[in-house]
Peer 1: 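First, the structure itself, so that you have it in front of you.
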Amino acid sequence: MYYHLFHKEVISKNKKIKKWYYWFYDQDGKQVQKVCKGCLTKADAERFLALMPVPEKKSETKISVITKDMYVPKSLHVLRREQMGKSVKPRTLVQWRHYVDIINENFGNVNISDLTVKDFTTFLLNLDKSTSWKNHLINVMNEVYQEAIWQGVITAAPTLQTFKPKYKKADPLTDDEINRFVKRENYSNETEYMIFLLTLSAGMRISEARAFRPCQLSETNNVVYIDGFLDRFTHERNNYCKTGSEDNPMWRVAIIPSRTAAELREYIVKKNLKQNELLFTHPDGSPYRIEHLEDIFERAIKSSGIEKNQRKLVCHSLRYTYVTRMRQLYDSDTVRKMAGHTNQKMNDHYNRPTLLESERSLLPVIDKAADFFS
């Protein structure tokens, strides 16, 4: 905190009134006291200070010091964001703070004035991350520079160029690779095996598989209801699909192979989970992080002896594989509905009868999925 807020009573026109003041240390270490002009309440004074430039200081300030309160609820940084019309939603703050932690992990002990554009860009170039992920980190770093200006550490921010998005789609696995990939020996434990077996067998996004619960498996048929996903950063469950919203949840029903349904039912019984509990968690009950699942996927691909050969093989490849394989077994309209590639709206919140209706429409063709792994 660079400004310290306080109030005291003063006499004005023969009346006692409360006035708000602030004090700070200038560059020479001298304490300076000033009045918060026009501030009648503490909230007025806090807003006043949030928009005050910080007294000039030496530029030899570490990045970790500058970022200490960034995206922290009720901090001056967050109050400024709010005043400037930027999002201060808890989810946004958690997400952006995650990127701040990455910046601090790699550059926290570097003075802000010593970090060059070349150093930061070279760091990004060497990361095995998506273009959008790198651009998110760049956006947060730009805010770090702006925060440094507010704190009086630097007077101008360098220009960090974002990366041009690459739109190469994920590549699917071949029929032979599908069977090599879904072998238990490729995984460290049964939970890792089951989450990827389900992701592949139902054409799920990995965030949707993380949110899977026993109640999403039909009690009578080999289908699953896909009706939510876990937030990447907060790990909270949203009751709508990844491309949906609360108003348009984009739920769907997907046929799964009988083999997967049998193994899934056995796994649920073994874990003795309640209907609304998350199915895939660590022993302490915490969900798998997406970064961890991406690492597990990479190891499983290598253990399977699958060669990439310039192909883009990532977790999302399993969704592409599902669509590609199912197109060989079903008509395109059926596959489109199961994959969720539809504009049809489902307006009733958590409308289980609607999901059951979708399930009934698939009954005549469910048995075909037995050939998924053949």
Side-chain angles (χ1 to χ4, degrees), residues 169-170 172 178 194-232 236-261 263-265 268 275-276 278-280 287 290 293 314-372:
K169 293 182 179 180
I178 289 174
M194 285 302 304
I195 192 171
F196 281 105
L197 175 65
L198 177 62
T199 302
L200 171 63
S201 299
M204 286 183 173
R205 300 173 179 88
I206 197 67
S207 58
E208 294 168 344
R210 292 172 71 223
F212 195 83
R213 302 167 300 172
C215 63
Q216 291 176 244
L217 174 63
S218 172
E219 295 180 0
T220 54
N221 298 301
N222 297 333
V223 302
V224 291
Y225 314 125
I226 303 173
D227 58 6
F229 73 100
L230 287 194
D231 184 273
R232 180 177 192 132
E236 294 178 355
R237 193 181 195 280
N238 297 291
N239 290 321
Y240 49 87
C241 291
K242 186 67 183 292
T243 57
S245 65
E246 291 183 357
D247 294 330
N248 181 21
M250 297 289 285
W251 295 321
R252 63 189 189 273
V253 174
I255 297 172
I256 59 175
S258 55
R259 163 190 168 178
T260 302
E263 292 192 45
L264 198 55
R265 291 189 174 97
I268 290 172
Q275 287 294 291
N276 287 315
L278 293 180
L279 196 61
F280 306 117
I290 285 184
L293 291 172
V314 293
C315 290
H316 206 59
S317 293
L318 302 183
R319 180 165 165 79
Y320 278 91
T321 301
Y322 176 85
V323 173
T324 302
R325 190 75 180 98
M326 285 302 199
R327 282 293 297 272
Q328 300 171 31
L329 303 172
Y330 298 101
D331 64 87
S332 60
D333 191 53
T334 299
V335 176
R336 177 176 61 83
K337 291 178 181 178
M338 293 193 298
H341 295 155
T342 175
N343 292 322
Q344 181 181 355
K345 293 185 177 180
M346 300 167 68
N347 294 320
D348 297 331
H349 182 65
Y350 211 77
N351 189 354
R352 185 65 68 181
T354 301
L355 292 174
L356 292 174
E357 183 179 339
S358 297
E359 177 184 352
R360 284 193 292 272
S361 70
L362 296 172
L363 290 179
V365 294
I366 280 181
D367 291 341
K368 287 187 179 181
D371 295 329
F372 186 89

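Hydrogens, waters and symmetry mates play no part in the numbers below; they use all other heavy atoms, side chains included.
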Peer 1: Between F212 and I226, does the side-chain contact (heavy atoms from CB on, under 4.5 Å) criterion hold? Intermediate values first, please.
Peer 2: CA-CA 8 Å; F212 195 83; I226 303 173; 5.8 Å; no
Peer 1: Could you list the residues that satisfy ring-ring contact (aromatic ring centres under 6.0 Å, His included) with Y330, not counting sequence neighbours?
Peer 2: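 With sequence neighbours excluded, Y330 shows a ring-ring contact (aromatic ring centres under 6.0 Å, His included) to no residue whatsoever.
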Peer 1: How close do L329 and K368 get, counting heavy atoms only, and between which atoms?
Peer 2: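 Reported closest heavy-atom pair: O-CD, 3.3 Å.
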Peer 1: Would you check if I255 and F372 make a side-chain contact, meaning some heavy-atom pair closer than 4.5 Å?
Peer 2: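 No. Closest side-chain heavy atoms not under 4.5 Å.
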Peer 1: Does some side-chain heavy atom of P257 sit less than 4.5 Å from a side-chain heavy atom of N222?
Peer 2: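 Sidechains of P257 and N222: no contact.
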Peer 1: Can you list every salt bridge (Lys or Arg N to Asp or Glu O under 4.0 Å) pair that touches residues 321-333, not counting sequence neighbours?
Peer 2: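 Output for this query lists D175-R325, D333-R336, D333-K337.
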Peer 1: Can you name the side chain to side chain donor-acceptor pair (under 3.5 Å) partners of T260, sequence neighbours left out?
Peer 2: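 By the side chain to side chain donor-acceptor pair (under 3.5 Å) rule, T260 matches S201.
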Peer 1: Let's go through C241 and F229 carefully: what are the C-alpha distance in whole Å and the side-chain angles of both, what is the deciding distance for side-chain contact (heavy atoms from CB on, under 4.5 Å) to 0.1 Å, and is it a yes or a no?
Peer 2: CA-CA 6 Å; C241 291; F229 73 100; 5.8 Å; no
Peer 1: Who pairs with D367 by side chain to side chain contact (heavy atoms under 4.5 Å, CB included), at least two apart in sequence or on another chain?
Peer 2: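 Partners of D367 by the side chain to side chain contact (heavy atoms under 4.5 Å, CB included) criterion come out as none, since no residue qualifies.
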Peer 1: Check each of R252, R213, K242, R237 against E208 using the salt bridge (Lys or Arg N to Asp or Glu O under 4.0 Å) test, and report the only one that passes.
Peer 2: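 Among R252, R213, K242, R237, the one that satisfies the salt bridge (Lys or Arg N to Asp or Glu O under 4.0 Å) with E208 is R252.
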Peer 1: Do the side chain of R319 and the main chain of A339 share a donor and acceptor less than 3.5 angstrom apart?
Peer 2: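 Checking the backbone N and O of A339 against the side chain of R319, a donor-acceptor pair under 3.5 Å is found.
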Peer 1: Taking side chain to side chain contact (heavy atoms under 4.5 Å, CB included) as the test, write out the residues that go with P172, two or more places apart.
Peer 2: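 Listed in chain order: Y320, T321, T324.
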Peer 1: For D231, give me all partners under salt bridge (charged side-chain N to carboxylate O under 4.0 Å, His left out), at least two apart in sequence or on another chain.
Peer 2: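 Here the qualifying residues are R91.
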Peer 1: Please enumerate all residues that pass side chain to side chain contact (heavy atoms under 4.5 Å, CB included) together with E219, with sequence neighbours excluded.
Peer 2: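 E219: no side chain to side chain contact (heavy atoms under 4.5 Å, CB included) contacts found.
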Peer 1: Apply side-chain contact (heavy atoms from CB on, under 4.5 Å) to residues I256 and L217 and explain how you reach the verdict.
Peer 2: CA-CA 10 Å; I256 59 175; L217 174 63; 4.1 Å; yes
Peer 1: Between CE of M194 and CG of L279, what distance do you get to the nearest 0.5 Å?
Peer 2: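 Spacing of CE (M194) from CG (L279) equals 7.0 Å.
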Peer 1: According to salt bridge (charged side-chain N to carboxylate O under 4.0 Å, His left out), who are the partners of R259, at least two apart in sequence or on a separate chain?
Peer 2: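 Per chain and number, R259 pairs via salt bridge (charged side-chain N to carboxylate O under 4.0 Å, His left out) with E263.
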Peer 1: Calculate, to the nearest 0.5 Å, the distance between atoms CD1 and CG belonging to I206 and L198 respectively.
Peer 2: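 Rounded to the nearest 0.5 Å, the CD1-CG separation comes to 9.0 Å.
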Peer 1: Do T199 and L293 touch side chain to side chain, with heavy atoms closer than 4.5 Å?
Peer 2: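 No; the side chains remain at least 4.5 Å from each other.
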Peer 1: Given side chains that start at C-beta, do those of Y225 and C215 come closer than 4.5 Å, heavy atoms only?
Peer 2: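 Not in contact.
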Peer 1: With side-chain contact (heavy atoms from CB on, under 4.5 Å) as the test, would you mind laying out the steps for N248 and Y240 before giving the verdict?
Peer 2: CA-CA 8 Å; N248 181 21; Y240 49 87; over 6 Å; no
Peer 1: Give a yes or no answer on whether the side chain of W251 reaches the backbone of G244 with a donor-acceptor pair at less than 3.5 Å.
Peer 2: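 Not a single qualifying donor-acceptor pair exists.
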Peer 1: Applying side chain to side chain contact (heavy atoms under 4.5 Å, CB included), name anything that partners S317, two or more places apart in sequence or on another chain.
Peer 2: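 S317 satisfies side chain to side chain contact (heavy atoms under 4.5 Å, CB included) with A170, L313, V314 once adjacent residues are dropped.
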Peer 1: Mind checking what makes ring-ring contact (aromatic ring centres under 6.0 Å, His included) contact with Y322, not counting sequence neighbours?
Peer 2: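 Y322 satisfies ring-ring contact (aromatic ring centres under 6.0 Å, His included) with no residue once adjacent residues are dropped.
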Peer 1: Only counting residues at least two apart or in another chain, list the ones meeting salt bridge (charged side-chain N to carboxylate O under 4.0 Å, His left out) with R210.
Peer 2: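 None.
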Peer 1: For V224 versus M204, what's the shortest heavy-atom pair and its separation?
Peer 2: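 Distance-wise, the nearest heavy atoms are CG2-CE, 4.4 Å.
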Peer 1: With the side chain counted from C-beta on, respond yes when R205 and T243 share a heavy-atom pair under 4.5 Å apart, and no when they do not.
Peer 2: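 Heavy-atom side-chain distance check passes, below 4.5 Å.
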